[in-house]
K.L.:
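Below: one structure in structure tokens.
FYI, side chains are in, hydrogens and waters are out, and symmetry mates aren't considered; it's all heavy atoms of this structure. Ligands are counted one by one from 1 in listed order, and the atoms in each one are counted from 1 as well.
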Amino acid sequence: MRQFCQALGGDLINLSDITFYRDLMLYFRGLDLPNVHFWIGATDEEKEGFWVWTDGSPVTMGTPYWANFGDKHQQMPTGGTSKNCAMLDATFHYYFSSYYCSNSKDVHPICEQ
Ligand SMILES: [Ca+2]
């Protein structure tokens with residue numbers, strides 16, 4: 001998914017700026033999107049548990065970035081070494097969610113220049 005953006009001369013989106021993330025959410029809200037998810041440029045593929053953006057800067061953990069889920073209010077990221085990529089999960093109101101790093105027709109990359 002990263003290659004897709006790089007082929008366009010960009011990379012997967014960096015949402016470390018909370019104001020930018022908020023603006024993107026407001027934009028999504030106006031689109032009336034179907035139930036699709038979006039790849040973002042955060043991964044812990046290099047070192048399990050250490051999430052970084054494509055520029056190598058650390059991803060902030062916890063609220064208000066990562067999704068909560070389940071009866072026990074667990075917080076993403078979960079999945080250990082099997083889930084090393086991050087997406088905006090429609091199921092969780094587009095909060096960050098850890099996921100398998102494989103192409104999926106329901107997950108679309110968001111690129112930035
Ligand atoms: Ca992981």
K.L.:
Does any N, O or S atom in Gly49 come within less than 3.0 Å of the Ca ion (ligand 1)?
P.N.:
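Coordinating: no.
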K.L.:
Between Phe96 and Tyr21, is the ring centroid distance below 6.0 Å?
P.N.:
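Between Phe96 and Tyr21, the centre distance is under 6.0 Å.
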K.L.:
What residues form a side-chain contact (heavy atoms from CB on, under 4.5 Å) with Asp55, not counting sequence neighbours?
P.N.:
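Residues passing side-chain contact (heavy atoms from CB on, under 4.5 Å) with Asp55: Asn14, Trp53, Ser57.
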K.L.:
Tell me whether Thr81 has at least one N, O or S atom under 3.0 Å from the Ca ion (ligand 1).
P.N.:
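No - counting backbone and side chain alike, Thr81 has no N, O or S atom under 3.0 Å.
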K.L.:
Does any N, O or S atom in Lys83 come within less than 3.0 Å of the Ca ion (ligand 1)?
P.N.:
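Looking at Lys83, which is the residue asked about, there is an N, O or S atom under 3.0 Å from the Ca ion (ligand 1).
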K.L.:
Do you know which two heavy atoms are closest between Thr19 and Asp17, and how far apart they sit?
P.N.:
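Where Thr19 meets Asp17 most closely, the heavy atoms are N-OD1, 2.9 Å.
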K.L.:
Please name the atom of Glu48, restricted to N, O or S, that is closest to the Ca ion (ligand 1).
P.N.:
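Going by distance to the Ca ion (ligand 1), the closest N, O or S atom in Glu48 is OE1.
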K.L.:
Please enumerate all residues that pass side-chain contact (heavy atoms from CB on, under 4.5 Å) together with Phe69, with sequence neighbours excluded.
P.N.:
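Residues passing side-chain contact (heavy atoms from CB on, under 4.5 Å) with Phe69: Gln74, Met76, Thr78, Phe92.
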